[in-house]
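Report on one structure; see the data block that follows.
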Amino acid sequence: MKKRILSGMRPTGKLHLGHLVGALDNWVKLQQEYECYFMIADWHALMGEYEHTEGFSEAIVDNVIDWLSAGIDPEKSTLFIQSQVPQHLELNMIFSCFTPLGWLERCPTYKEQLRQIKTRDLHTYGFLGYPVLQAADILLYKADKVPVGEDQLPHLELTREIGRRFNSLYKKEVFPSPDAILTPVPKLLGLDGRKMSKSYNNTINLSDSEEMVRKKASSMFTDPKRIKLSDPGHPGECNVYSYYEVFVPGRKKEVYKWCTEAKLGCTDCKKRLAEGLLEKLKPFHAKREAFLKNKSKIEKILEEGRGKATIRAAATMKEVKAAMQI
Ligand code: TRP
Ligand code: SF4
């Protein structure tokens, strides 16, 4: 029997290169080895973005197209939308009854978000319960493994605690204890050298046109110490070089030489990077084009995913209610 995986992503906008190397490439590999459930976490997006719900459904479909174009295979994995499987909210409700407030108030991600995010009011009942819903997402499918970034580890810890608390309250081992899969991901900064984020407008999006990729690549910040063409550069301090390392590793050595021997200017270096990126994105773009022309296929995939996810979710809820005698 294959072990089961669940992971999710909030549909908060266009996906970019960071999502590709930070999550999607990894998910695609995991499909071979595990029974995978990949979920668009739209309720979680709503918790943060409740003031701006316009364009929500477009973002969801757009993200699904990106996932499929990146290689998420609906023949191998179940791909679904959280809000289409009502059992997530039902289990969230049950978990809410016995999750101590202290666990949530102490959660480091919660405290950090409240401190950092000033543009939205996150002092809400829903946002405090963010990890409870995430626990419901994971435990509803009895996932063994959860591929996530390091920032999500506190949520996984809470998931285990909530599952344990359920099992001990109702004296039945309904829920397993899921572990994170932490794959080392290359640290990729935004075009301007700050953290890659849509709010900084410094991302190359997976859906960007060729022209846009070239334009964005040419705007990248380079080694600030290299002013003239004749100045040797420092690849280790150049963000452009780190993009070569991740996306065009075959040309790394060459670039290092150009740069440190002052043989090639930064403008040319970035032009060549853009071509390398486009080469890498070519199969992705081709698939994306095809999916955009065939929206009914997306609907069918999501409908099938909803069906498969619901069967699992309903089976778990039956066990949950039996254990609780409700
Ligand atoms: N909180 C996750 C994030 O922001 C998204 C998410 C929601 C998730 N439910 C999940 C991730 C369940 C893994 C498993 O990245
Ligand atoms: Fe960076 Fe390339 Fe310029 Fe060197 S030549 S500083 S690697 S952009």
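Note that ligands are numbered from 1 as they come in the structure, with each ligand's atoms numbered from 1 the same way.
Of the protein's non-hydrogen atoms, the one nearest atom 8 (S) of ligand 2 is Thr222 CG2, 3.5 Å. Ranking protein heavy atoms by distance to atom 7 (C) of ligand 1, first place goes to His44 ND1, 3.3 Å. At the shortest separation from atom 2 (Fe) of ligand 2 among protein heavy atoms lies Cys269 SG, 2.4 Å. Closest to atom 1 (N) of ligand 1 among all protein heavy atoms lies Tyr130 OH, 2.7 Å. If you check which protein heavy atom lies closest to atom 3 (C) of ligand 1, you get Gln152 NE2, 3.4 Å. The shortest contact between atom 8 (C) of ligand 1 and any protein heavy atom is with Gln134 NE2, 3.5 Å. For atom 5 (C) of ligand 1, the closest non-hydrogen atom of the protein is Gly8 O, 3.7 Å.
Between Arg226 and Asp223, no side-chain nitrogen of the basic residue sits less than 4.0 Å from a carboxylate oxygen of the acidic one, so the salt-bridge criterion is not met. A salt bridge does not link Lys308 with Glu35: every distance from a Lys NZ or Arg NE/NH1/NH2 to an Asp or Glu carboxylate oxygen is 4.0 Å or more. Look at Arg214 and Glu210 and you find a salt bridge, because one of the NZ, NE, NH1 or NH2 atoms lies within 4.0 Å of a carboxylate O, short of that distance. Classification of Lys142 and Glu319 as a salt-bridged pair holds, one side-chain N sitting under 4.0 Å from a carboxylate O. A salt bridge between Arg306 and Glu303 is present, with a side-chain N of the basic residue lying under 4.0 Å from a carboxylate O of the acidic one. Taking 4.0 Å as the cut-off between side-chain N and carboxylate O, Lys263 and Asp268 do not count as a salt-bridged pair.
Ring-plane geometry between His155 and Tyr130 is classed as tilted, the angle between the planes lying from 30 to 60 degrees on a 0 to 90 degree scale. Phe175 and Phe166 have perpendicular rings, their planes meeting at more than 60° on a 0 to 90° scale where under 30° would count as parallel. Classified by interplanar angle (parallel below 30°, tilted 30° to 60°, perpendicular above 60°), the ring pair Tyr141/Phe80 is tilted. Between Tyr110 and Phe127, the two ring planes are tilted [angle within 30° to 60°].
Proximity of Leu133 to ligand 1, defined as any heavy-atom pair under 4.0 Å, is not found for any part of the residue. Only the side chain of Val146 comes within 4.0 Å of ligand 1, judged by heavy-atom distances. Contact annotation for Gln82 and ligand 1: no heavy atom of the residue comes within less than 4.0 Å of the ligand.
At least one N/O/S atom of Cys266, whether from backbone or side chain, sits less than 2.8 Å from atom 3 (Fe) of ligand 2.
In this structure, Phe56 places its CZ atom where more than 12 heavy-atom neighbours from other residues, nucleotides or ligands lie under 6.0 Å away.
Those atoms of ligand 2 that come under 4.0 Å of a heavy atom in Cys259, given as number and element, are 4 (Fe), 5 (S), 6 (S), 7 (S). Within ligand 1, counting atoms from 1 as listed, the ones closer than 4.0 Å to a heavy atom of Ile138 are 12 (C), 14 (C). Interface atoms of ligand 2 facing Val240, defined by a heavy-atom separation under 4.0 Å, are 8 (S). Ligand-side atoms of ligand 2 in range of Asp223: 6 (S), range being under 4.0 angstrom from any heavy atom. Those atoms of ligand 1 with a heavy atom of Leu6 less than 4.0 angstrom away are 12 (C), 14 (C). Here is the list of ligand 1 atoms found below 4.0 Å of a heavy atom in Ala41: 7 (C). Within ligand 1, counting atoms from 1 as listed, the ones closer than 4.0 Å to a heavy atom of Val148 are 13 (C). Near Arg226, meaning under 4.0 Å from any of its heavy atoms, are these atoms of ligand 2: 3 (Fe), 5 (S). Residue-ligand proximity, Cys238 to ligand 2, at heavy-atom distances under 4.0 Å covers atoms 1 (Fe), 6 (S), 7 (S), 8 (S).
For ligand 1, one of its N or O atoms has an N or O atom of Asp137 under 3.5 Å away.
Residue Met196 forms a side chain to side chain contact (heavy atoms under 4.5 Å, CB included) with just one option from Ile204, Leu188, Leu191, Leu189, and that option is Leu188.
A continuous path of hydrophobic side-chain contacts links Val320 to Ile326 [ILVMFWY only; heavy atoms under 4.5 Å].
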